[in-house]
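Below: one structure, written as structure tokens.
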Amino acid sequence: QVQLVESGGGLVQPGGSLTLSCTASGRIFSRGDLHWYRQVPGKERELVAQFTSNGRTIDYADSVKGRYVITRDDAGDTGFLHMNNREPEDAAIYYCKEDIWETERGPQQQYWGQGTQVTVSS
């Protein structure tokens, strides 16, 4: 069974920086696109950044453009969301989602992490 585990959440002051990590474990043959979402109570989950597996397409929500950077390490084991110049509106639970093939001939499946809380406060 594949698992995604996020880490790095916590309290950050307005204007500060924080980096979230998303690590996949389990039976993994290949990893596809990586996405980061966030959600606040009472609102729908919002896509904030996405990274295609070939690295050619990286998109951001308008609300985070110029402040967030999505990356993945060379080995492809861990994805990151680097968040800079944080604003109070950035406070949310952040989730990663990744497309993963467990076997060479198996279907691509989507996996979600459990979420990590990010709070922005002075």
Side-chain angles (χ1 to χ4, degrees):
Q1 182 70 23
V2 174
Q3 272 193 319
L4 292 186
V5 177
E6 297 118 340
S7 61
L11 175 65
V12 62
Q13 294 184 341
S17 298
L18 199 66
T19 294
L20 305 181
S21 302
C22 175
T23 302
S25 63
R27 186 181 185 186
I28 299 171
F29 173 77
S30 179
R31 301 174 72 179
D33 298 352
L34 171 68
H35 305 81
W36 283 95
Y37 289 77
R38 67 184 181 187
Q39 189 171 25
V40 297
K43 292 189 176 181
E44 292 187 359
R45 196 167 291 188
E46 173 193 20
L47 176 64
V48 295
Q50 57 184 1
F51 178 105
T52 57
S53 58
N54 60 13
R56 293 179 181 174
T57 302
I58 299 176
D59 290 321
Y60 300 95
D62 289 342
S63 57
V64 304
K65 275 182 182 177
R67 301 188 298 118
Y68 285 20
V69 177
I70 183 172
T71 62
R72 188 153 63 187
D73 65 14
D74 291 340
D77 294 333
T78 302
F80 301 93
L81 185 66
H82 309 277
M83 305 179 292
N84 304 304
N85 193 20
R86 302 305 307 281
E87 300 174 353
E89 293 75 23
D90 295 326
I93 299 175
Y94 284 73
Y95 300 88
C96 63
K97 183 185 75 171
E98 197 157 14
D99 302 330
I100 292 175
W101 286 264
E102 293 189 27
T103 62
E104 183 176 5
R105 298 182 179 181
Q108 171 187 295
Q109 300 184 69
Q110 292 183 343
Y111 293 90
W112 288 86
Q114 83 287 358
T116 185
Q117 177 73 52
V118 173
T119 303
V120 182
S121 175
S122 56

Distance-minimising heavy-atom pair for [X] and [Y]:
X	Y	value
Gly10	Leu18	N-CD2, 4.0 Å
Leu34	Cys96	CD1-CB, 4.5 Å
Ala92	Val40	CB-CG1, 3.6 Å
Ser122	Pro14	N-CD, 3.7 Å

Do [X] and [Y] come close enough that some side-chain heavy atom pair is under 4.5 Å?
X	Y	result
Arg67	Asp90	yes
Glu6	Tyr94	no
Ile58	Ile70	yes

side-chain hydrogen bond (donor to acceptor under 3.5 Å, both in side chains) with [X]: which residues, sequence neighbours excluded?
X	result
Asn84	Ser17
Ser7	none
Thr23	Thr78

- Message: Just to verify, what does Glu46 make a salt bridge (charged side-chain N to carboxylate O under 4.0 Å, His left out) with, not counting sequence neighbours?
- Response: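 In terms of salt bridge (charged side-chain N to carboxylate O under 4.0 Å, His left out), with neighbours along the sequence ignored, Glu46 is linked to Arg38.
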- Task: Using the test salt bridge (charged side-chain N to carboxylate O under 4.0 Å, His left out), find all partners of Arg27 that sit at least two apart in sequence or belong to another chain.
- Result: none
- Task: Answer yes if Val64 and Met83 sit in the same cluster of Ile, Leu, Val, Met, Phe, Trp and Tyr residues linked by side chain heavy atoms under 4.5 Å apart, and no otherwise.
- Result: yes
Gap between atom [atom2] of [Y] and atom [atom1] of [X] - 0.5 Å precision:
X	Y	atom1	atom2	value
Tyr60	Leu81	OH	CG	8.0 Å
Trp101	Gln108	CH2	CD	4.0 Å
Gln114	Thr116	CD	OG1	7.0 Å
Leu20	Trp36	CG	CH2	5.0 Å

- Query: Going through the checks in order, is the side chain to side chain contact (heavy atoms under 4.5 Å, CB included) test met by Arg72 and Glu98?
  - Reply: CA-CA 11 Å; Arg72 188 153 63 187; Glu98 197 157 14; 2.5 Å; yes
- Task: Any salt bridge (charged side-chain N to carboxylate O under 4.0 Å, His left out) involving residues 99-122? Give me the pairs, sequence neighbours left out, ordered by first then second residue.
- Result: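 Output for this query is empty, none listed.
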- Query: By side chain to side chain contact (heavy atoms under 4.5 Å, CB included), which residues pair with Thr71, not counting sequence neighbours?
  - Reply: Val69, Phe80, His82
- Report the residues that fulfil side chain to side chain contact (heavy atoms under 4.5 Å, CB included) with Ile93, sequence neighbours left out, ordered by chain and then residue number.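 With sequence neighbours excluded, Ile93 shows a side chain to side chain contact (heavy atoms under 4.5 Å, CB included) to Tyr95, Gln117, given in chain and number order.
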- Query: Residues sharing Ile100's hydrophobic cluster, by side-chain heavy-atom contacts under 4.5 Å among ILVMFWY, directly or via others?
  - Reply: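 Ile100 clusters with Val2, Leu4, Ile28, Tyr111.
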- Donor-acceptor under 3.5 Å (Gln50 side chain, His35 main chain):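 Side chain of Gln50 to backbone of His35, a donor-acceptor pair under 3.5 Å: no, none is there.
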